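The model shown is predicted, which means the values in this text are computed figures rather than measured ones. The chains referred to below are lettered A, B, ... by the order of the sequence lines, with proteins before strands, and numbering in each begins at 1. Below, each value reflects all heavy atoms present in this structure, side chains not excepted, and no hydrogens, waters or symmetry copies.
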Amino acid sequence: MSIKTRFAPSPTGYLHIGSVRTALFSWLQARHYGGTFVLRIEDTDQERSTRESADAILAGMSWLGLNWDEGPHYQTERFDRYAGLAEQLVAEGNAYRCYCTKEELDEMREQQVARGDNPRYDGRCRERSEPREGVNPVVRLRTPDTGTVEIDDLVRGRVTYENELLDDLVILRPDGTPTFHFGVVADDADMGITHVIRGDDHLNNTARHIHLQNALGFDHPVYAHLPMILGEDGSRLSKRHGALNVLEYREQGYLPEAVLNYLVRLGWSHGDQEVFSVDEMIELFDVEDANASASKFNPEKLRWLNQQYIMTAAPLDLTPGLVEQMGKVGIDPSRGPAPQRVVEAYRERAETLRELAMSAEYLYTDNIPLDEKAAKKNLRPVVKEALTSLRDAFTELEPWTAEGIHRAMQDVADKHELKFGKIGQPVRVAVTGTGVSPPIDATVELVGRERTLARLDAALVYIEERAAAAG
RNA sequence: GCUCCCUUCGUCUAGCGGUAAGGACGCGGCCCUCUCAAGGCUGAAACACGGGUUCGAUUCCCGUAGGGAGCGCCA
């Protein structure tokens with residue numbers, strides 16, 4: 001039988017990294033087994049759900065390439081179905097209307113807590129079927145009083161709950177909308193979901209869901225409860241830990257493959273392998289191999305992986321993202337070398353596309369700032385003559401290639417009896433303004449002849465002025 | 001408070017009764033080298049604790065401790 005999994009976020013905020021891991025595992029399970037992946041938006045809480053959140057979630061999924069075969073389904077479109085199901089349960093005696101007021105319930109809870117009991121609904125409306133004036137009833141599931149429920153979870157193993165500890169949960173609100181529990185159970189059944197893969201914050205809820213399925217006469221899906229992702233300090237992942245909107249990672253210059261690769265290794269592994277293409281993940285993943293223990297989010301490793309992907313990607317595949325980043329940092333890509341050449345030069349030197357863009361700024365502007373420390377250290381009178389003759393050599397160099405540039409520099413160095421580095425570093429500072437860049441021949445080539453000559457001139461002026469000032 | 005879940009280097013993890021407890025990120029050192037990276041080599045770094053079971057426990061069982069989740073007309 002073909003499997004069917006789903007990702008069912010509620011649109012009450014953006015799609016953050018923890019939800020993405022859940023979505024990824026669910027998606028991978030479907031893809032690995034050639035099954036179907038369903039996207040469902042759980043928007044029964046009409047107070048907190050927004051259209052913007054739903055759209056942001058879809059956009060995030062799309063950016064990551066987590067494509068869905070069905071949906072997005074919206075629960076708000078299925079209210080009639082839930083109402084019908086609830087009516088059926090009431091008719092069959094598996095659910096009942098509860099006329100308790102909020103005040104009443106609050107009071108009950110307070111007393112229970114005061115007594116040291118578990119706060120739970122005591123079932124006082126189970127036998128009272130007559131309506132109460134002015135109260136719109138909720139519908140509650142009649143939960144068995146005795147016995148146990150067992151969950152055979154794919155990652156947790158067998159988990160057992162005592163029924164007497166569970167109370168009668170609300171399945172329909174006074175306005176007829178379903179609660180989360182009811183919506184999930186009805187939808188998973190109606191949509192034919194075979195594997196429910198979700199965060200382990202739902203493990204405790206699963207006992208209730210099984211009771212609901214029993215009452216409704218539904219089959220039980222297979223469950224797999226994934227451990228949470230925690231922040232670096234071990235507390236629940238939040239914004240300050242990097243639980244950003246996934247689209248924020250795009251903003252910062254991360255590649256979707258890197259984000260997925262990082263997340264797949266949180267709670268899952270395949271021997272010693274660290275880098276997985278999406279195809280490899282699909283081939284190797286099985287949620288049964290997922291770990292049961294929570295893991296902490298480690299931005300350093302994400303950065304490392306992102307760099308791995310930048311280093312190995314085809315330069316042309318990276319240029320759209322790079323051009324986008326250039327726009328964000330104020331670079332006009334038409335004023336310098338083709339972006340893919342920047343990728344070639346900087347791919348091992350940047351952990352994000354944002355960094356890549358920023359480090360290439362000197363290639364797209366006429367005026368570069370000189371780093372004072374680097375200039376002081378490298379632009380000194382001893383190299384003045386060498387730089388002058390290099391300037392001359394560059395003026396006539398044909399063709400303008402890294403090889404030719406290297407040869408010219410070597411010749412000048414030899415003529416002035418300098419080691420290559422003694423001239424390389426001053427040229428680097430002159431041409432980039434800083435002491436750091438790719439190999440100097442490639443750098444000079446990218447800067448171009450015109451700007452190189454102008455910058456060498458500027459460096460010579462700098463040396464003159466310093467000498468004059470020193471007296 | 002009650003219920004459920006979790007526990008190997010700082011972090012992600014391998015391990016599935018007998019290992020010098022392996023890899024990766026990060027950190028230190030060395031090599032390469034025109035700088036910075038990348039790369040190569042290398043170092044420090046872990047089985048939470050206590051009982052069992054067993055000839056033998058990181059591995060199986062039970063406690064304890066610590067962490068997490070749930071106990072809503074939120075999802």
Side-chain angles (χ1 to χ4, degrees), chain A residues 8-12 42-45 47-49 98 100 102 105-106 109 112-113 115-121 136-140 151 153 155-157 159-162 165-167 169-175 177-181 183-184 199-208 225 227-228 230 232 234-236 262 265-275 291-305 307-308 311 346-351 359 374 378 406 409-410 413 419-429 432 434-441 443:
Chain A
S10 61
T12 52
E42 304 207 328
D43 54 353
T44 55
D45 180 359
E47 295 281 306
R48 299 198 302 146
S49 297
C98 166
C100 294
K102 279 205 165 156
L105 294 174
D106 288 345
R109 244 189 300 274
Q112 287 167 335
V113 172
R115 253 180 288 139
D117 289 350
N118 271 338
R120 60 195 292 271
Y121 182 64
N136 253 336
V138 299
V139 177
R140 286 184 187 270
I151 303 163
D153 191 278
V155 341
R156 303 298 158 129
V159 183
T160 306
Y161 291 91
E162 300 287 331
L165 266 14
L166 268 22
D167 61 1
L169 73 158
V170 173
I171 59 176
L172 227 52
R173 302 188 182 102
D175 64 2
T177 61
T179 58
F180 160 75
H181 303 289
V184 168
D200 74 2
D201 45 340
H202 290 304
L203 183 58
N204 290 300
N205 291 330
T206 306
R208 300 164 176 284
H225 286 94
M228 312 249 81
L230 308 174
E232 287 173 280
S235 67
R236 198 180 179 132
Y262 176 72
R265 284 285 291 100
L266 245 36
W268 178 83
S269 62
H270 182 255
D272 286 341
Q273 191 171 343
E274 292 290 346
V275 179
N291 282 157
S293 55
S295 46
K296 295 179 186 172
F297 183 75
N298 180 201
E300 291 294 329
K301 191 158 180 182
L302 206 209
R303 292 179 66 79
W304 173 77
L305 266 170
Q307 179 176 41
Q308 295 298 309
M311 272 191 310
Y346 275 95
R347 56 195 311 163
E348 314 68 19
R349 293 174 176 78
E351 290 186 316
S359 53
N378 295 289
H406 191 90
M409 289 180 68
Q410 189 66 60
K419 293 210 320 196
F420 191 92
K422 290 290 178 196
I423 182 165
Q425 199 56 6
V427 172
R428 172 170 286 111
V429 174
T432 70
T434 74
V436 176
S437 88
I440 190 61
D441 44 10
T443 302

One pair to check against side-chain hydrogen bond (donor to acceptor under 3.5 Å, both in side chains): A:T443 and A:S437. What are the steps and the verdict?
CA-CA 7 Å; A:T443 302; A:S437 88; 3.0 Å; yes

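- Ranking B:G68, B:C5, B:C25 by closeness to the A:R156 side chain, first place goes to B:C5.
- Taking 3.5 Å as the limit, the base of B:C71 and the side chain of A:R120 contain no donor-acceptor pair of atoms between them.
- Comparing B:C6, B:C34, B:A24 by their closest approach to the side chain of A:D441 singles out B:C34.
- Within the 4.0 angstrom heavy-atom criterion, base atoms lie near A:S437.
- If you check every strand for non-hydrogen atoms under 4.0 Å, A:E274 touches a base.
- Only the P atoms considered, B:C47 is 8 Å distant from B:G10, to the nearest whole Å.
- Residue A:G199 is classed as having no contact, given no heavy-atom separation below 4.0 Å to the nucleic acid.
- Contact check, A:R303 against B:A24: no side-chain N or O comes under 4.0 Å of OP1 or OP2.
- Residue contacts for A:N291: at a heavy-atom cut-off of 4.0 Å it reaches the sugar-phosphate backbone alone, with no base atom in range.
- Out of B:G23, B:C73, B:G70, the shortest distance to the side chain of A:L105 is found at B:C73.
- A heavy-atom distance below 4.5 Å is found between the side chains of A:Y161 and A:N204.
- In this structure, the side chains of A:T179 and A:V170 come closer than 4.5 Å at one or more pairs of heavy atoms.
- If you check every strand for non-hydrogen atoms under 4.0 Å, A:P9 touches nothing.
- Among the heavy atoms of the strands lying under 4.0 Å from A:T160 are primed sugar atoms or P, OP1, OP2 only; no base atom is included.
- Among the nucleotides B:A38, B:A69, B:C74, the one closest to the side chain of A:D201 is B:A69.
- Listed nucleotides: B:U11, B:C73, B:A24. Nearest to the side chain of A:P174: B:C73.
- Residue-to-nucleotide proximity on RNA chain B shows that, of A:Q307 and A:E42, the 5′-proximal contact is made by A:Q307.
- When the nucleotides B:U3, B:C74, B:C12 are ranked by their closest atom to the side chain of A:R48, B:C74 comes out on top.
- Listed nucleotides: B:C25, B:A75, B:U3. Nearest to the side chain of A:Y161: B:U3.
- The nearest whole Å value for the distance from the CD atom in A:Q410 to the P atom in B:U33 is 14 Å.
- Contact annotation for A:H225: no contact, since no heavy-atom pair falls under 4.0 Å across all strands.
- Contact check, A:Q308 against B:G39: a side-chain N or O comes under 4.0 Å of OP1 or OP2.
- Residue A:M311 is classed as a sugar-phosphate contact, given heavy-atom separations below 4.0 Å to backbone atoms only.
- At a threshold of 4.0 angstrom between heavy atoms, the contacts of A:I440 include nucleobase atoms, whether or not backbone atoms are also involved.
- A donor and an acceptor atom, one from each side chain of A:S293 and A:N291, are nowhere located under 3.5 Å apart.
- Across all strands shown, A:P227 has no heavy atoms under 4.0 Å from either base or sugar-phosphate atoms.
- Set against B:G1, B:A75, B:C5, the side chain of A:V159 has B:C5 as its closest nucleotide.
- Of the side-chain N and O atoms in A:T177, none sit less than 4.0 angstrom from OP1 or OP2 of B:C73.
- Side-chain N/O atoms of A:T44 include one lying less than 4.0 angstrom from OP1 or OP2 on B:A75.
- Nearest to the side chain of A:W304, among B:C12, B:C73, B:C25, sits B:C25.
- Comparing B:A38, B:C73, B:A69 by their nearest atom to the side chain of A:N204 picks out B:A69.
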Take A:N298 and A:Y262 through the side-chain contact (heavy atoms from CB on, under 4.5 Å) test and state the conclusion after the steps.
CA-CA 9 Å; A:N298 180 201; A:Y262 176 72; 3.5 Å; yes

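- Across all strands, A:E162 comes closer than 4.0 Å to no nucleic acid atom at all (heavy-atom distances).
- Rounding to the nearest 0.5 Å places CZ of A:R428 at 12.5 Å from CD1 of A:I423.
- A:G421 comes within 4.0 angstrom of sugar-phosphate atoms only, judged by non-hydrogen atoms across all strands, and of no base.
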